[in-house]
Each structure stands twice: as structure tokens, then as C-alpha cells.
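Report on the structure given below.
Residue indices begin at 1 and follow the sequence shown.
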Amino acid sequence: MSIINISDFYDFSKIEASITENKPYETLLQGPTDASREFINKSLEMYLKSINRENVHNLLCLCMEEIISNCVKANIKRAYFIHNELDINVHEQYELGMKNFREMGVSQVKHLELIQCAQDLGFYVKIRYAVENKTFIITTRNNSIISKEELKRISNKIELSKNKTSEEIFMNSVDMTEGCGLGIIMIKKIMEQISNLENSFSIYADDQDTITELRINMM
């Protein structure tokens, strides 16, 4: 097995400079690879150390793994809809496309050929780190813009998780259209645990991207 040289993919000196100069750092992620996972691990460690929050490293990595997985899957899903000439914003076509997409299964959805197809169509995942007003902000963008129907489902999942036990969340948060939805709820719960900011987790869209933000207060 070959050893990954993470420096072949990402320049950590730029992250160090960004931290020292208190400037934002942004990069494209190189797909859902071992290299990108190592980058997230190391880059978060660097930033968390700078704000004295190393204690939340493992939990934050878990959140980012889920977010990046969701971004990649969303990009692949858009590529699938485009390839099959389905309009994701038309309810009937959305339901048909999701039924077929779901039946492909996770292993097929994340097959390297489908990931490459999404990249060939110009879909990307960007990550941005910034420390502003004593808050560490992680912004992840993917340019498969979330539909109103998808955003509504996510909002419903988060709303259902409020004041619920883990058992109640599992029993009541299953959504077979998009998957169980436990990943989104997990992120929400973890962020409430490691950050005392009211807007510690948010997901929304602008004219170009779907945007996920995590906010952690400095100690």
C-alpha cells in the first residue's frame, strides 16, 4: 500500500500564513479521497490549536466528514439528473429521479466514474476557514444548488430533532426519499455540544452554491 504524501495535494504553509496573518483560507477539495480526509484532519488541528479548542478536534472532524460526503453526493445526484435529462426542480421528475438514484445504492452512487462525471460537469466542493470576531467559521460550498424541496426536508429533520432523545430521533427522523437524515441531525447535535453559539450550524443556498457553515467560539 502506498503512503499518501498529503503535501502533494495541499500546501499547509498557506494555512499557517493565513492563521498568522488572520486572513481567510480557501481551497478546492480533491474529491472524497484519503488525501482530502487527511487534509481536513490536519487543517482543523492547526486552526483549533490557534484558538485553544483542540479538545473538539475529533468531533469536528466527524461533522466535516459528513458534510463533505453530503456535498459530494449532492454533486453526483445533480450529475445524475442532468445525464438522465430530469429537472430536479419539477416535483414529479424529482420524485422519479430520486427513486432511481436511491435504488442505485451508496456503493454505486459514490463510484469513481460517477464522481468523475460530476467533476467533468464542473461541480466542485470548496472549503473556507476564517477566524472572525473570536469565532472560527468553516464554510463548505458545493455548486449543486439545493432545491426548495430538499431544503424543506432538511429543515423538517432538524426541527424533529429538537428536545428529542437519541432513540426518539432514530425512530422519528427517517426520510426514505433522501436517506435516513441522521447525519444532518448528528451535526446539529454535535455543534450544540461543542459550541455555545446560537448559529453554530446552518445550511442555505445563494444563486451559485449550497452553503454549510459551522461556527465555533474561541476559549
Side-chain angles (χ1 to χ4, degrees), residues 2-19 23-51 53 56-82 106-132 136-146 150 154 178-179 183-184 186-187 190-191 200-216:
S2 60
I3 298 174
I4 297 171
N5 185 356
I6 190 68
S7 62
D8 290 341
F9 298 89
Y10 300 100
D11 186 350
F12 286 95
S13 65
K14 291 182 179 179
I15 297 180
E16 291 175 352
S18 296
I19 293 172
K23 293 180 179 179
Y25 172 84
E26 183 174 298
T27 189
L28 282 170
L29 289 180
Q30 305 294 329
T33 62
D34 289 340
S36 67
R37 293 184 187 94
E38 285 299 313
F39 164 77
I40 292 297
N41 187 300
K42 184 173 180 179
S43 59
L44 287 181
E45 183 178 39
M46 294 168 69
Y47 266 93
L48 290 171
K49 184 177 181 179
S50 75
I51 63 170
R53 294 301 309 271
V56 304
H57 177 259
N58 289 341
L59 288 173
L60 194 57
C61 284
L62 188 62
C63 290
M64 288 306 299
E65 177 77 16
E66 182 67 20
I67 288 170
I68 292 165
S69 177
N70 287 345
C71 288
V72 171
K73 186 177 178 180
N75 288 348
I76 293 170
K77 182 167 64 179
R78 290 305 188 281
Y80 176 85
F81 271 72
I82 291 170
V106 174
S107 60
Q108 281 187 276
V109 164
K110 293 190 175 181
H111 191 277
L112 288 176
E113 289 183 5
L114 288 175
I115 294 171
Q116 186 62 52
C117 177
Q119 292 175 344
D120 290 344
L121 286 169
F123 291 111
Y124 57 72
V125 179
K126 290 181 181 178
I127 189 166
R128 180 181 187 271
Y129 297 132
V131 177
E132 301 171 0
F136 178 33
I137 306 169
I138 307 168
T139 306
T140 309
R141 289 175 171 264
N142 63 290
N143 60 334
S144 50
I145 302 175
I146 193 167
E150 291 170 318
I154 289 173
E178 293 285 353
I184 291 290
M186 176 200 72
I187 295 168
I190 288 176
M191 291 308 298
S200 60
F201 169 65
S202 59
I203 180 167
Y204 57 95
D206 61 17
D207 293 337
Q208 294 182 316
D209 298 318
T210 298
I211 303 154
T212 305
E213 285 190 352
L214 304 181
R215 294 172 176 264
I216 300 173

One should read off an interatomic distance between S36 OG and N41 CG, to the nearest 0.5 angstrom, of 11.0 Å

Could you check whether any side-chain heavy atom of I216 comes within less than 4.5 Å of a side-chain heavy atom of Y47, counting everything from C-beta outward? no

Please identify which of these residues, V56, I190, L44, meets the side chain to side chain contact (heavy atoms under 4.5 Å, CB included) condition with C63. I190

Separation between CD (E38) and OG (S43), nearest 0.5 Å, reads 10.5 Å

Tell me whether the rings of Y25 and Y129 are parallel (<30°), tilted (30 to 60°) or perpendicular (>60°). parallel

Within a strict 4.5 Å, meaning less than it, do heavy atoms of the E26 and T139 side chains meet? no

So L214 and M64, do their side chains get closer than 4.5 Å, heavy atoms only? yes

L62 and M186, any side-chain heavy atoms less than 4.5 Å apart: yes

With a 4.5 Å heavy-atom cut-off, do F201 and T212 have their side chains touching? yes

Short question: side chain of N143, backbone of Y124 - any donor-acceptor pair under 3.5 Å? yes

Is a donor on one side and an acceptor on the other found under 3.5 Å between the side chain of S18 and the backbone of K14? yes

Kindly give the heavy-atom pair with the smallest separation between S144 and R78, and that separation in Å. CB-CG, 3.0 Å

Working to the nearest 0.5 Å, report the span between OG1 of T140 and CG of N70. 10.5 Å

Distance from E45 atom CD to C61 atom SG, nearest 0.5 Å? 8.5 Å

Interatomic distance, CZ@F12 vs NZ@K42, rounded to 0.5 Å, equals 5.0 Å

Do the side chains of I40 and I127 get nearer than 4.5 Å, heavy atoms only? yes

Drop me the distance from D11's CG to E16's CD, to the nearest 0.5 angstrom. 9.0 Å

Beyond-backbone contact of I15 with T27, side-chain heavy atoms, under 4.5 angstrom: no

Provide the closest heavy-atom pair for E66 versus G183 in the form atom of the first, atom of the second, distance. OE2-CA, 3.4 Å

Is a side-chain donor or acceptor of N75 paired with a backbone partner of N142 at a separation under 3.5 angstrom? no

Do M191 and L60 have side chains that get closer than 4.5 Å, going by heavy atoms? yes

